[in-house]
Protein chains: 2
Amino acid sequence: MTQKTFMPVLYELVRTYQAFETYSAAHIRLLGLTASQFDIIATLGNTEGMSFKDLGEKTLITKGTLTGVVDRLEAKTLVRRVASPKDGRSQMVQLTKAGEKLFAKVFPAHLCHLEQVFSGLSQKNIENTASVLKQLRIAFSAASLNLEEAA
Amino acid sequence: MTQKTFMPVLYELVRTYQAFETYSAAHIRLLGLTASQFDIIATLGNTEGMSFKDLGEKTLITKGTLTGVVDRLEAKTLVRRVASPKDGRSQMVQLTKAGEKLFAKVFPAHLCHLEQVFSGLSQKNIENTASVLKQLRIAFSAASLNLEEAA
DNA sequence: TACATTATGTACTAACTAGAACTAATGTCA
DNA sequence: TGACATTAGTTCTAGTTAGTACATAATGTA
């Protein structure tokens, strides 16, 4: 490991993620949304809405950022904030009628766009890729935990 | 493929990249740099410098962004701009003495930090992960090319 | 119950981001 | 050579990003 044999896998991780992001975001932009806005619409679709906390965990958007993105979606009247009846600190975020309508349009369209990427890959290959990525993700989680414990 | 069986692999790609980014950036911040600044310092280390174009391709930073990041590194006197002798449009970016000194310090330190992630993974696993990621990246490139050709 | 701790969301900052419009320099080709 | 297209880098904009500090509300404990 002293040969830094892990560099190629990090290189590929970053390049592949970037390739996904570029491919995906370009299509989302044509639909009139940013990648973050799409993630939120997609996450809220077919739900009763959820708290900022849950929404942030699902979309990987940190809370400070999420406030701003939801502000802009609210300004477009695609989502609304509703005070949680259970917790006075918590705000629920829900799709509006317009948000649901947009979800019904853009979500399938974007899945279709993504699907084309995988037409040349076997089911087995796809499953295997997900599996090895998960192992790598767990290795990062473990390393992060080690740091916290040391602190 | 109509079952959207590719969703798990995209989920893992995004989560794993995010885990890497969070783990890596937290350490880089302790070293007094941002992730982008580190990428540039690391790319320029042990070179004679390179053009904005080459630097952008290696670091995956687009040119508009790169101007700003280099501005800030220049303000810290870690890099300098030098007009290309061959091409009047082109600027070369080089590490200054201070930049080289910082490179010599932070680059090994960060590699060491990253290395710990891979201590629990076999060499074979690491190589395999890089290989399947590359296949996925190529699938994204091919899909992007299809779009360009259609246009 | 009173106090301390924790959790939720917002405000603010510095920085990054891609894209588009722009300037200046280079390359093409008729 | 002259007109045209392309390329390199800058500028500008709207938006995202993480982190920190903060106000408010909920929870745990004495």
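Quick note on labels: first sequence line is chain A, next is B, and so on, each numbered from 1. For clarity, every value in this text was computed on a predicted model and none was experimentally measured.
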Exercise. By the rule that ILVMFWY residues connect when side-chain heavy atoms come within less than 4.5 angstrom, directly or transitively, which residues belong alongside A/V132?
Worked result: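 Result for A/V132 is B/V132.
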Exercise. Is the backbone N or O of B/G64 less than 3.5 Å from a side-chain atom of B/T62, with the two atoms forming a donor-acceptor pair by type?
Worked result: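 Absent.
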For this session: Please answer whether the main-chain N or O of B/L136 pairs with a side-chain N or O of A/T16 as donor and acceptor at a distance below 3.5 Å.
Result: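 No; judged by distance alone, with no hydrogens or angles, the pair does not exist.
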Can you name the side-chain contact (heavy atoms from CB on, under 4.5 Å) partners of [X], sequence neighbours left out?
| X | value |
| --- | --- |
| B/D39 | B/T59 |
| B/K105 | none |
| B/L60 | A/V14, A/R15, A/Q18 |
| B/T34 | B/S36, B/Q37 |

Exercise. Which residues, if any, of residues 22-45 of chain B bring a heavy atom under 4.0 Å of DNA chain D?
Worked result: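 Contacting residues: B/R29.
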For this session: For residues 49-68 of chain B, pull every pair meeting salt bridge (Lys or Arg N to Asp or Glu O under 4.0 Å), keeping only residues two or more places apart or in separate chains.
Result: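 Non-adjacent pairs meeting salt bridge (Lys or Arg N to Asp or Glu O under 4.0 Å): B/K53-B/E57.
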Problem set entry | 5'-most by nearest nucleotide on DNA chain D - A/K76 or A/G88 |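 First, find each residue's nearest nucleotide; the 5'-ward one identifies A/K76.
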For this session: Would you please classify the geometry between the B/H113 ring and the B/Y23 ring as parallel, tilted or perpendicular, with 30° and 60° separating the classes?
Result: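 Aromatic pair B/Y23/B/H113 classed parallel.
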For this session: Using the six-membered ring wherever Trp is involved, compare the ring planes of A/F6 and B/F118 and label them parallel, tilted or perpendicular (cut-offs 30° and 60°).
Result: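 It falls in the parallel class, under 30°.
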Exercise. Does a side-chain N or O from A/Q18 land closer than 4.0 Å to OP1 or OP2 of C/dT17, or not?
Worked result: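 So the side chain of A/Q18 is outside the cut-off, no N or O lying under 4.0 Å from OP1 or OP2 of C/dT17.
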Exercise. Which is the 5'-most and which the 3'-most nucleotide of DNA chain D that has an atom under 4.0 Å from a heavy atom of chain B?
Worked result: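 Both ends considered, the range comes out as D/dT7 to D/dG19.
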Problem set entry | ring-ring contact (aromatic ring centres under 6.0 Å, His included) against B/F52, all qualifying residues, sequence neighbours excluded |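 Partners of B/F52 under the ring-ring contact (aromatic ring centres under 6.0 Å, His included) test: none.
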For this session: Describe, as an angle rounded to 10 degrees, how the axis at the first end of the helix from C/dT1-D/dA30 to C/dA30-D/dT1 is tilted relative to the axis at the last end, five pairs per end.
Result: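 Angle reported: 30°, given to the nearest ten degrees.
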Seminar exercise, completed: A correct 5'-to-3' footprint of nucleotides 1-14 of chain C, with B, S and - meaning base, sugar-phosphate only and no protein heavy atom under 4.0 Å, is ------BBBBB---
Exercise. Quick one: do the A/Q135 and B/N125 side chains pair a donor with an acceptor below 3.5 Å?
Worked result: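 Their side chains do contain a donor-acceptor pair, which is all the 3.5 Å distance test asks for.
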For this session: Please list, chain by chain and in numerical order, all residues satisfying side-chain hydrogen bond (donor to acceptor under 3.5 Å, both in side chains) with A/Q91, sequence neighbours excluded.
Result: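 Scan of A/Q91 (side-chain hydrogen bond (donor to acceptor under 3.5 Å, both in side chains), adjacent residues dropped) gives none.
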